[in-house]
Number of protein chains: 2
Amino acid sequence: MVSRGQARPTLRTVAERAGVSVSTASLVFSGKGPVATATAERVKEAAAELGFAGPNPLASSLRQGRAGAVGVLVDGRLQMAFRDPFAIAVLDGLAEELESIPTGMLLIGQPSGSPESTVPRLAGLALDAVVFSLCGPGDHPAVEHLAARGIPMFSTGVPADRRITQVRVDERGAAAEIARYLHRLGHRRVATVAMPMLPSSVAGPVPEGEVSHRSASVPSVGRLLGFRDVFPDGAALQTGDGSSVEGGIAAGRALLDVPVAERPTAIVAQSDVIAAGVVIAAEELGLTVPADLSVTGFDGVDLPWLPHRLTTMDQQGREKGRILGTLVRRTLAGGRPRSITQPVTLREGTTTAPPRG
Amino acid sequence: MVSRGQARPTLRTVAERAGVSVSTASLVFSGKGPVATATAERVKEAAAELGFAGPNPLASSLRQGRAGAVGVLVDGRLQMAFRDPFAIAVLDGLAEELESIPTGMLLIGQPSGSPESTVPRLAGLALDAVVFSLCGPGDHPAVEHLAARGIPMFSTGVPADRRITQVRVDERGAAAEIARYLHRLGHRRVATVAMPMLPSSVAGPVPEGEVSHRSASVPSVGRLLGFRDVFPDGAALQTGDGSSVEGGIAAGRALLDVPVAERPTAIVAQSDVIAAGVVIAAEELGLTVPADLSVTGFDGVDLPWLPHRLTTMDQQGREKGRILGTLVRRTLAGGRPRSITQPVTLREGTTTAPPRG
DNA sequence: GCGTCTGCTCGAATCGATTCGACCGAACCG
DNA sequence: CGGTTCGGTCGAATCGATTCGAGCAGACGC
């Protein structure tokens, strides 16, 4: 360990000690130019003696114009974002793909402040690209800033902006597909539990004003539209906090704790986690899933603590993250990849059945 | 948006356009020196016209010697680490505290490779400090590298190394406390489900060889020792994958699917998530918690999907993360904070009761 | 009216690397 | 044996800012 106050060795120190020029020493560490084996040996020796742990990444980055980091923007508190297993799966796939290039993942949240507080923070960070994988609906103030800096942006649908390369799914089509599946089973009284339509949305019935066809690429909106393509009159509740079990439980109680005649025979949740909450609420009320109530999710994540396999639209989060990572990699390599749409598949589980009677 | 190939504006460009020197322009953006209002105005105008989004963070960092990023090391796949709500709580608290300084959190995982692959990755990253909050037991190869670079390190107990500033809890004492609590309730046949003792541990009975008193600061080891202080003969199983519901379920089945006479009346789990798994396994086998089986956890996290409140040792993950963040901040400010021990408190829930009969 | 102080601005050095072109000696070719 | 090539090394420019000390003009005090 080097004592405090003592200057850390630099490439120059090492070069001097090895009796070579700085440029040669640099060549040794980067492995780029042709260097005689003996020379390389001497430099490495000098480095070891001085406790030189490699070229300063900052200086290297500055010269090369690569920051060595990809930003991952998270709306709100980290805790919230990381409760969503789908978001984590995406992140996991992204990390996996980014592993093959010398790049870290920089988490950028905004625990307490307003979204605007993100921009000044962002301004101080050296980033090669930014991924919006864990953001909610709505525009993001960071988009303008990043565009000005010329930093490529990626997302899984939100924010919806032309300057962002997207890995989308056909939200509306997928939602309609799972709704049709319930319809085929015979369900007619079907309700849905949505994620918030807007960042400002509060838990409760979805106000019509919040559903804009222009924002159909926002998952919550697109999925609601798809649901209504099949069940135009179904009740629609939204959670106040994105995809959470608590939100699902609350919405489930609200929808199910009513006279039997009014009670839906099936509930379409916009995420698996919400669906799990609905199942829990149903069982609390003494209902049996799927005999008394069918429940569908969306995402296709693992919920090891749920004693059911959800019927859901599998959108393969990890794969989505990997694709995102590939796009990032290609971009950093000088490419100009285009947005793509990823397929989703209906996966039948044990939470759906024909309605009773 | 600036077109490709066109040079992005720099401080120099802006200064020229505003008719001032680079140094003055710098002063305007950093807000440090005394600058005439009119001059500042001109510079800002020039910046706006050129679409200059602020000084290049890389150059700024290089000059100032701050990287603007704190690394967070994650063992294994991100997915694994982020399944553990306690780890997330710590991370959340850390992020909250780091919010007040211009610093990002850089996630560093090692999805597929061996632990050694972390070092080369690390070598390319500019970091002001590193936090080991999501690491498993055992030493970490990154410690040597980071020490050589003089980067301050922090952790919540593992790896246990003198060069790392720690926020510890008295693992052994806390585990003994909760065990004594069960003992007071009248339990005598008590088993425990531990997290892995070593990175290489596999699911199943804990081999005595893996329990070294020297590593009592490793949570899994310390907690096992505490358990044995009270129940020296209790069966001890460990999971193969850290703190996971699946691990808890598997261990729960193994411990409970036996003749009644051999079945423990209480199970001490080393984490809430594992405890939840044990509860699930018990209920699968037709047992009622807490009448037929008492279960205790460790951590004190929210599990909204579990229809019980676990009896647990609350170690306030978020607070722990905040403390960690404070230590990091103080260190970056030039301080030399020392390791501290955080108190934990027993929190009674609905999963414990006196044994039947 | 002269010296001093204050407020603002600037030039130049610096952070620690990378990289391009120049250079040099040795080997190789005809 | 002269000319060319090539492997290896080096010096200097560069990346884009920050910062320190110097300089300069105007205000102020006496």
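When reading the values below, keep in mind they use all heavy atoms of this one structure, side chains included, and skip hydrogens, waters and symmetry mates.
- Straight-line distance from the CG atom of A/Leu11 to the P atom of C/dT19: 12 Å, rounded to whole Å.
- The interatomic distance linking A/Leu27 (CG) with C/dA17 (C1') rounds to 12 Å, in whole Å.
- Side chain of B/Gln64, nearest nucleotide from D/dT9, D/dC10, D/dT19: D/dT19.
- Listed candidates were C/dT9, C/dA17, D/dG16. Nearest to the side chain of A/Leu62 is D/dG16.
- The distance between atom CZ of B/Arg12 and atom P of C/dA12, rounded to the nearest whole Å, is 14 Å.
- In this structure, the nucleotide among C/dT9, D/dA13, D/dT9 sitting nearest to the side chain of A/Thr24 is D/dT9.
- Here the nucleotide nearest the side chain of B/Thr10, chosen from C/dT18, D/dA17, C/dA17, is D/dA17.
- You'll find that the side chain of A/Pro55 is closest to C/dA17, out of C/dG11, D/dG8, C/dA17.
- Across the interface with DNA chain C, nearest-nucleotide mapping of B/Ala36 and A/Val22 shows B/Ala36 to be the residue nearer the 5′ end.
- For the pair A/Arg66 CZ and C/dT18 P, the interatomic distance rounds to 10 Å; values are reported in whole Å.
- When each of A/Asn56 and B/Ala25 is assigned the nucleotide of DNA chain C bearing its nearest heavy atom, the one mapping closer to the 5' terminus is B/Ala25.
- You'll find that the side chain of B/Pro34 is closest to C/dT9, out of C/dT9, D/dT19, C/dT19.
- Counting non-hydrogen atoms under 4.0 angstrom, A/Thr39 reaches the backbone sugars and phosphates but no base.
- Out of C/dC8, D/dG16, C/dT19, the shortest distance to the side chain of A/Lys32 is found at C/dT19.
- Nearest to the side-chain atoms of B/Ala59 among the listed nucleotides C/dA17, D/dG16, C/dG11 stands D/dG16.
- For A/Asp92 (side chain) and A/Arg318 (main-chain N/O), no donor-acceptor pair under 3.5 Å exists by modelled atom type.
- Of the candidate nucleotides D/dT19, D/dC10, D/dT18, D/dC10 has the atom lying nearest to any side-chain atom of A/Ser23.
- If you take CZ on B/Arg329 and CG on B/Leu98, they are separated by 8.5 Å, rounding to the nearest 0.5 Å.
- A donor-acceptor pair is defined here as one N or O able to donate and one able to accept, closer than 3.5 Å; such a pair exists between the side chain of A/Asp128 and the backbone of A/Ala67.
- Of the candidates D/dC15, C/dA13, D/dG8, D/dC15 carries the atom nearest the A/Arg63 side chain, counting heavy atoms from C-beta on.
- Using modelled atom types and a 3.5 Å distance limit, the side chains of B/Thr10 and B/Thr13 yield a donor-acceptor pair.
- Side chain to side chain, A/Thr24 and A/Ser21 meet the donor-acceptor criterion of an N or O pair below 3.5 Å.
- Rounded to whole Å, the distance from CZ on A/Arg8 to C1' on C/dC15 is 15 Å.
- Proximity of B/Ser21 to the phosphate of C/dT9: no side-chain N or O atom is located under 4.0 Å from OP1 or OP2.
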